[in-house]
Amino acid sequence: MKTYKHGGDVYSYDVDFDFSANINPLGMPESVRRAVEQSIADCVNYPDPYCRELTAGIAKKENVKEQNILCGNGAADLIFRFVLAKRPKKALILAPSFSEYEGALAVGNCEVYYYTLSNQNGFRLTEEFLNEITEQIDVVILCNPNNPTGRLIEMSLLEKIAQKCHDTNTFLFLDECFLDFMSDGEQRSMKKHISHNSNLLILKAFTKMYAIPGLRLGYCICSDTNLIEKMRASSQSWAVSIPAQAAGVAALKENDFVQKTVSLIREEQQYIASELRSMGILCYPPSANYIFFKEEQGIYERLLKKGILIRSCHNYPGLCHGYFRIAVKSHEQNIMLINAMKEVIKEGSAYGKNNYDTRNNV
C-alpha cells in the first residue's frame with residue numbers, strides 16, 4: 001500500500017473519526033456551501049485565471065494591495081510555486097515542521113539545512129536560531145504557529161529574524177495558515193511588515209478555517225510583484241477552480257463564524273490539554289486548532305481499531321515514535337476521543353509499553 005506523509009488519510013483505513021487533520025470542527029459555513037453549489041452552473045466556463053473578485057476581497061480583508069496577492073490551489077501549491085519561481089540554492093527550515101517545505105525544495109534541487117528544535121525547551125524557537133541565518137542561506141522557511149508542535153514564535157523574535165534576513169539578503173517565507181484560529185492572531189501576524197519588506201512572503205489558506213480542504217484554496221502576500229508574477233507563471237493558468245473561488249468570496253464575509261470558531265477552539269484546547277495531563281501525558285502548550293503530545297504506550301494502533309485516526313508524528317524530521325498530534329474538534333467528539341484514549345492507555349498498561357505503530361504511514 002502506498003504511504004501518505006500527511007494527516008487526513010481517511011481513504012486507507014476504516015475511520016469513523018478523523019483527528020489527524022486540523023479542520024474547523026464547525027464544518028463548512030452554510031453560505032460557503034451554497035456558493036459552491038451555485039457556482040456549478042458556471043463550470044461550463046474556464047475559471048478567472050487572475051481570481052479578480054476573490055483577490056479584491058482578500059486585499060480588503062488583509063488591508064494590502066491587490067497586486068501583492070496571489071491565489072493558489074491550496075497553500076501547498078504556493079509553496080511549490082515559490083520554490084520554482086525563486087530557485088533558492090540553500091534553504092533553512094525547522095525540524096520538525098510541515099513536510100511540504102522540504103518536498104518543494106527537493107523539487108527545486110535546493111540544499112536543505114535543518115535547525116532541530118529541542119524537546120528540552122518544549123520545541124520553542126529561540127534567538128540561537130539567528131546564528132544560523134547567514135549570507136549563504138537564500139531562504140528561511142518558518143511556520144507560525146509551528147506544525148506539528150503548535151509552538152508560537154514570539155513577535156520580538158520574528159522581527160529580529162526578519163531583520164537578520166534583511167541584513168544577509170535572505171528571503172523569509174512565513175507560513176501563517178494557523179494564526180486565524182488564535183484570538184490575537186491578527187496582532188501576531190507579520191503582515192504589517194509586507195509593505196516595506198520585499199524579502200518577506202506570508203502564506204495563508206482558507207482550507208482549515210472554512211473546512212474546505214477538498215476544494216483547495218490558499219493565497220500569499222508579498223510586496224515583490226516580480227516574484228508574484230514569476231509564481232503566477234510557474235503554474236498552469238487555471239490553478240483555482242470556479243467553485244474554489246466562489247467558496248473564498250463567500251468565506252471572506254463570515255466574520256461571526258470565525259469568531260465563534262476562535263472561541264470554541266480556545267475552550268476545547270483547555271479541555272483536551274487538561275484531560276491529557278490528568279492522564280500523565282506530556283502535552284505541549286497549544287496555540288492553534290491542534291494539540292501536540294508525547295505518549296509512550298503506543299496508542300495509534302489501538303485508537304485506529306476503534307475507528308479513530310490521529311496523526312503519528314514519527315515521520316517528521318527531528319521526531320521519533322511516541323509523538324502525536326490531534327485536531328481540536330467539537331466538545332462531544334473531544335470527550336469521545338479522551339474516553340477512547342483512557343481505554344487504550346489502560347490496555348497498554350496491561351500489555352506493556354512497547355507497542356508503537358511501526359508502519360511508515362501516518
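For clarity, every value in this text was computed on a predicted model and none was experimentally measured. FYI, the numbering just counts along the sequence from 1.
Among Ile58, Asp180, Leu215, the single residue meeting the side-chain contact (heavy atoms from CB on, under 4.5 Å) criterion with Phe206 is Ile58. Screening Ile326, Asn22, Leu319 for a side-chain contact (heavy atoms from CB on, under 4.5 Å) with Pro148, the sole residue that qualifies is Leu319.
Side chains of Gln136 and Thr134: a donor on one and an acceptor on the other come within 3.5 Å. Side-chain atoms of Asn339 and Glu343 form no donor-acceptor pair, as typed in the model, at a separation below 3.5 Å. With no hydrogens or angles considered, a side-chain donor-acceptor pair links Glu159 and His193 at under 3.5 Å. In this structure, a donor-acceptor pair under 3.5 Å is present between the side chains of Glu176 and Ser189. In this structure, a donor-acceptor pair under 3.5 Å is present between the side chains of Asn146 and Ser97.
In summary, the aromatic rings of Phe178 and Tyr290 are positioned with their centroids under 6.0 Å apart.
Side-chain atoms of Ile161 and Ile133, non-hydrogen and from C-beta on, do get closer than 4.5 Å to each other. Residues Ser198 and Cys222 fail the side-chain proximity criterion, which asks for heavy atoms closer than 4.5 Å. Contact check for Glu301 versus Val344: no side-chain heavy atoms found under the 4.5 Å cut-off. In this structure, Asn289 and Ile23 have side chains that are not in contact, with every pair of non-hydrogen atoms separated by 4.5 Å or more. Within the 4.5 Å cutoff, the side chain of Leu172 has no heavy atoms near those of the Ile202 side chain. Looking at heavy atoms from C-beta onward, Phe80 lies out of side-chain contact with Asn73 at the 4.5 angstrom threshold. With contacts defined as side-chain heavy-atom distances shorter than 4.5 Å, the pair Asp42/Val44 does not qualify.
Residues Arg87 and Gly108 share a closest heavy-atom pair of NH1-CA, 4.0 Å. In plain terms, the two heavy atoms of Ile153 and Asn144 that are nearest each other are N-OD1, 2.6 Å. Tyr210 approaches Pro29 most closely through the heavy-atom pair O-CD, 3.6 Å. In terms of heavy atoms, Arg216 sits closest to Ala244 at O-CB, 3.8 Å. Considering all non-hydrogen atoms of both residues, Gln269 and Ile291 come closest at O-CD1, 3.8 Å. Here the closest non-hydrogen pair linking Ala162 and Asn197 is CB-ND2, 4.3 Å.
Annotation for Lys65: atom NZ does not count as buried by contact number, only 12 or fewer foreign heavy atoms lying within 6.0 Å. The local environment of CD in Glu132 is crowded, with over 12 non-hydrogen atoms from other residues, nucleotides or ligands closer than 6.0 Å. The environment of OH in Tyr271 is crowded: more than 12 heavy-atom neighbours from other residues, nucleotides or ligands sit within 6.0 Å. Within a 6.0 Å sphere centred on NZ of Lys192, heavy atoms belonging to other residues, nucleotides or ligands number more than 12. Environment of CG in Asp184: crowded, with over 12 heavy atoms of neighbouring residues, nucleotides or ligands closer than 6.0 Å. Within 6.0 Å of atom NZ in Lys191, more than 12 heavy atoms from other residues, nucleotides or ligands are found, so the atom counts as buried in its surroundings. Atom CD of Gln236 has more than 12 heavy atoms from other residues, nucleotides or ligands within 6.0 Å.
The backbone N or O of Gly122 lies less than 3.5 Å from a partner atom in the side chain of Arg151, making a donor-acceptor pair. Without hydrogens or angle criteria, Thr55 side chain to Cys51 main chain gives a donor-acceptor distance under 3.5 Å. Formation of a donor-acceptor pair under 3.5 Å by the Asn199 side chain with backbone atoms of His166 is not found in this model. Under a 3.5 Å cut-off, the side chain of Ser287 and the backbone N or O of Gly150 do form a donor-acceptor pair. Although no hydrogens or angles enter the test, the distance criterion places a donor-acceptor pair under 3.5 Å between the side chain of Gln245 and the main chain of Asp48. In terms of modelled atom types and a separation under 3.5 Å, the side chain of Lys204 and the main chain of Cys220 share no donor-acceptor contact. The backbone N or O of Gly322 sits nowhere less than 3.5 Å from a side-chain atom of Lys294 that would complete a donor-acceptor pair. The closest donor-acceptor contact from the side chain of Ser223 to the backbone of Ile194 lies under 3.5 Å. Between the side chain of Arg266 and the main chain of Ser183, no donor-acceptor pair closer than 3.5 Å is present.
Using a 4.5 Å cut-off between side-chain heavy atoms of Ile, Leu, Val, Met, Phe, Trp and Tyr, with links allowed through other members, Ile242 and Leu54 fall into different hydrophobic clusters. Residue Phe257 is grouped with residue Val36 when hydrophobic side chains (ILVMFWY) are merged at heavy-atom distances under 4.5 angstrom, including chains of intermediate members. Residues Leu200 and Ile228 fall into different hydrophobic clusters, defined by Ile, Leu, Val, Met, Phe, Trp and Tyr side chains chained together at heavy-atom separations under 4.5 Å. With hydrophobic clusters built from ILVMFWY side chains whose heavy atoms lie under 4.5 angstrom apart, Tyr284 does not share a cluster with Phe98. Hydrophobic cluster membership is shared by Leu227 and Ile79, with clusters built from Ile, Leu, Val, Met, Phe, Trp and Tyr side chains linked at under 4.5 angstrom.
For the pair Lys329 and Phe17, the cation does not sit on the ring face, since its NZ or CZ is not both under 6.0 Å from the ring centre and inside 45° of the axis.
Between Tyr323 and Phe292, the two ring planes are parallel [angle under 30°; tilted spans 30° to 60°].
Ion pairing of Lys89 with Glu111 is absent here, as no side-chain N (NZ or NE/NH1/NH2) approaches a carboxylate O to less than 4.0 Å. In this structure, Asp138 does not pair ionically with Lys86, as no charged nitrogen and carboxylate oxygen lie closer than 4.0 Å. Salt bridge Glu154/Arg124: absent, no basic N to carboxylate O contact under 4.0 Å. Taking a cutoff of 4.0 Å between a charged side-chain nitrogen and a carboxylate oxygen, Lys260 and Asp256 do not qualify as a salt bridge. Between Glu229 and Arg232 there is a salt bridge, since a side-chain N of the basic residue sits under 4.0 Å from a carboxylate O of the acidic one.
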